[in-house]
Amino acid sequence: MPARRQLSFEDLGTPLAEATLVVVDLETTGTDPAADAITEIGAVKVRGGEVLGEFRTFVDPERPIPAYIASLTGISDATVRGAPSIRTVLPMFLDFVGPEAALVAHNARFDIGFLRARAAECALEWPAPTVLDTLALARTVFRRDEVRDHKLSTLAAHVGAAVTPDHRALSDARATVDVLHAIIARLGPTGASTLEDLGTAHRRAKPVQLRKKHLAADVPSVPGVYQFLDAHGSVLYVGTSRNLRSRVRTYFTASETRRAILDMLPRAESLRVIECATATEAAVRELRLIAQEKPPSNRRGLRPEAAHWLRLGPTGEGLRGARLARTEADGSAHIGPLASRHDAQPLRGLLTDAVMGRGAALEADPARSAAPSSGHHERLRRAMVADPREVLDHAASRLRVHVDAGRYEEAEKLRRLALAYLDAARRASRLRALAEVPLLIAARPSTEAVIGGRGWELLAVRHGRFSGTTLVPAAKDPLPFARSLAMTGTGEAELAAPLCQGYHQEAEILLGWLEGEGVRTVLCEGSWQVPARARFEAEHLSRRFAMTSTAPGE
């Protein structure tokens, strides 16, 4: 057996000289990401010590700026008047950051917390970049016998930063760049020469991680799936990433702290990778492999067929919890999948109460609800599948009764239950619509690198199952590629099942892709639409509750 060579840090990481870093700083109306707003964003993009670009803009917080904040930052209501909203600014900032850059901030928990909260508020997917915190790093590098504290102003003065922090976003970001470079210079002699080393410089990897890091030596930087195998070739763990090399190497750094992974690594003897054309294909293949192999170290998705639903049987049957979403051709209906089997009973009570009356809900058998009349059955089915207004009106009316009586805890429980119903009905509506389409091929602008620059990513779906994907260069016509996809993956149709039974997670990945920006339908057999989807949005409950809160005569 040839001797295994000793791997350097460069073998397992992104050299700092090649890493793109975006140093960001925010000004806000307060300190709570859930309640306060961003007023200014400043960022500096650097690589190898060179500034590649800067980003700076005021943001309209759409609320008054407290006087003490205005005094501290110099940003007043007049300053941000006419500035763009965060809904406009955040996509521009994420585009400036790009898909590969790491984010750097001083007290990153604050800045990244605000950015993540605003992304969720704007329904933007957070890209989950690598995050470096210069505050945590500075506490490791600069001891208290060298600096009195680790505030940005203190550190900037200590390292001789060219810019003095002044509680303005771009100035503070520029000062943080100089602090970051001073930290890198200090850590260089200790062997911290990669982005991954820098991210964990304030921690140490476990001995087993250091012993096993050779497993990542030949992993390519492409989308795909990875499998940790034991000495007998059995699968221990399955994961996925749009950049396999970047993801796999994190398992051998101090950033990996999950107990299941640290317990798995001593048994891992090899690593198998499956390269994929796109990150979407990789995500689907991961789910299928987990379902097939049932690796012991994976905690999610082990039994995708075991999801819980609330099922309304055919006419003459009532509502009950179900493990499988069966065909609805017999007049039955399903909503879900539910987060837990314990959610079925409260939802059954809410629907029965709304349609059949409070007495029927209270008298319903714990294991199975009372059989509704044909008229009640049709109303229940309509509320679950097509139109939730009857349930929403009922929930809003009861909410007002609880609030007027001061029973705020009961009101909150009911509100959460109504939202759970809306979520379950919406998920089933989306799954039902996609499962009914024999073949759908769609295209969207590609986020992957293709020959000739950015092009198109094509996705083929058969009855809610992934059928194929390909990347089309920008100068090419997507239609011939789509026709080629239409001739492959025909076996997926044979595995189709009602409501994507047993593979709803896969279907929801595909739905997320199909509902993204810039998606265009290329080929479609049947009809692709999501009926009544908007009716199941949570805002409709708030709207009805607001209507019931108006006093009579107003």
Side-chain angles (χ1 to χ4, degrees), residues 4 12 128 196 200 205-308 323-324 337-341 464-469 489 491-492 495 497 500-510 512-513:
R4 180 180 291 156
L12 293 179
E196 291 69 30
T200 58
K206 303 290 185 183
V208 65
Q209 294 174 295
L210 299 177
R211 290 197 307 270
K212 300 289 184 172
K213 66 182 182 181
H214 64 274
L215 296 178
D218 301 318
V219 178
S221 298
V222 297
V225 180
Y226 55 91
Q227 299 169 288
F228 284 95
L229 310 177
D230 65 14
H232 304 290
S234 299
V235 179
L236 299 172
Y237 182 82
V238 177
T240 184
S241 176
R242 66 173 56 250
N243 186 323
L244 286 171
R245 182 175 178 81
S246 175
R247 179 68 186 100
V248 168
R249 65 184 174 226
T250 65
Y251 286 85
F252 309 102
T253 69
S255 62
E256 179 55 73
T257 59
R258 290 173 293 174
R259 176 49 53 191
I261 299 301
L262 296 178
D263 289 343
M264 176 273 295
L265 284 178
R267 293 178 288 155
E269 291 297 328
S270 61
L271 188 76
R272 178 193 298 156
V273 299
I274 301 173
E275 298 184 25
C276 299
T278 65
T280 304
E281 178 187 358
V284 170
R285 293 194 181 281
E286 179 200 28
L287 285 175
R288 293 185 179 183
L289 281 169
I290 290 174
Q292 174 185 325
E293 302 290 347
K294 294 181 171 52
S297 295
N298 284 93
R299 293 187 176 182
R300 69 176 181 89
L302 294 182
R303 297 184 62 199
E305 75 282 0
H308 296 275
R323 292 296 292 272
L324 298 175
L338 308 178
S340 164
R341 64 183 177 87
R465 284 181 64 88
F466 174 84
S467 180
T469 186
E492 297 297 336
L495 301 173
C500 304
Q501 169 187 316
Y503 54 93
H504 64 274
Q505 295 159 313
E506 174 177 327
E508 287 181 317
I509 290 174
L510 303 179
W513 190 98

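- Side-chain atoms of P220 and V273, non-hydrogen and from C-beta on, do get closer than 4.5 Å to each other.
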| task | Applying side-chain contact (heavy atoms from CB on, under 4.5 Å), run through L236 and L229 and close with a yes or a no. | result | CA-CA 5 Å; L236 299 172; L229 310 177; over 6 Å; no
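- Remark: R288 engages E492, E506 in a salt bridge (charged side-chain N to carboxylate O under 4.0 Å, His left out) (not counting sequence neighbours).
- With contacts defined as side-chain heavy-atom distances shorter than 4.5 Å, the pair V225/L289 qualifies.
- Separating the CG atom in L271 from the CD atom in Q227 is a distance of 8.5 Å, to the nearest 0.5 Å.
- The shortest non-hydrogen separation linking A217 to R245 is O-NH1, 3.3 Å.
- Taking 4.5 Å as the limit, some side-chain heavy atom of P295 sits within range of a side-chain heavy atom of V238.
- Residues L510 and F466 share a closest heavy-atom pair of CD1-N, 3.5 Å.
- The structure places NZ of K294 at 11.0 Å from CD1 of I290, a figure rounded to the nearest 0.5 Å.
- Annotation: the span from S297 atom OG to R259 atom CZ amounts to 12.0 Å, rounded to 0.5 Å.
- In terms of heavy-atom proximity, V222 sits nearest to E275 at CG2-CG, 3.7 Å.
- Taking all atoms of both residues into account, the shortest heavy-atom contact from A268 to F228 is CB-CD2, 3.9 Å.
- Ring-plane geometry between Y226 and Y251 is classed as perpendicular, the angle between the planes exceeding 60 degrees on a 0 to 90 degree scale with a lower cut at 30.
- Nearest heavy-atom pair across A282 and S241 is CB-O, 4.5 Å.
- The nearest pair of heavy atoms linking S246 to N243 is N-OD1, 3.0 Å.
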| query | Should E269 and K212 be marked as a salt bridge (charged side-chain N to carboxylate O under 4.0 Å, His left out) after you check the CA-CA gap, both sets of side-chain angles, and the distance that decides it? | reply | CA-CA 8 Å; E269 291 297 328; K212 300 289 184 172; 3.3 Å; yes
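- Atom CG of residue N298 and atom OH of residue Y237 lie 5.5 Å apart, to the nearest 0.5 angstrom.
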| Evaluation steps, side-chain contact (heavy atoms from CB on, under 4.5 Å), between L265 and L215 | CA-CA 10 Å; L265 284 178; L215 296 178; 5.5 Å; no
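- The distance from atom NZ of K213 to atom CD of Q209, rounded to the nearest 0.5 Å, is 11.0 Å.
- The CD atom of Q292 sits 11.0 Å away from the CZ atom of R285 when rounded to the nearest 0.5 Å.
- Counting non-hydrogen atoms of other residues, nucleotides and ligands closer than 6.0 Å to CZ of R341 gives a total of 12 or fewer.
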| query | Going through the checks in order, is the side-chain contact (heavy atoms from CB on, under 4.5 Å) test met by K206 and L262? | reply | CA-CA 8 Å; K206 303 290 185 183; L262 296 178; 4.3 Å; yes
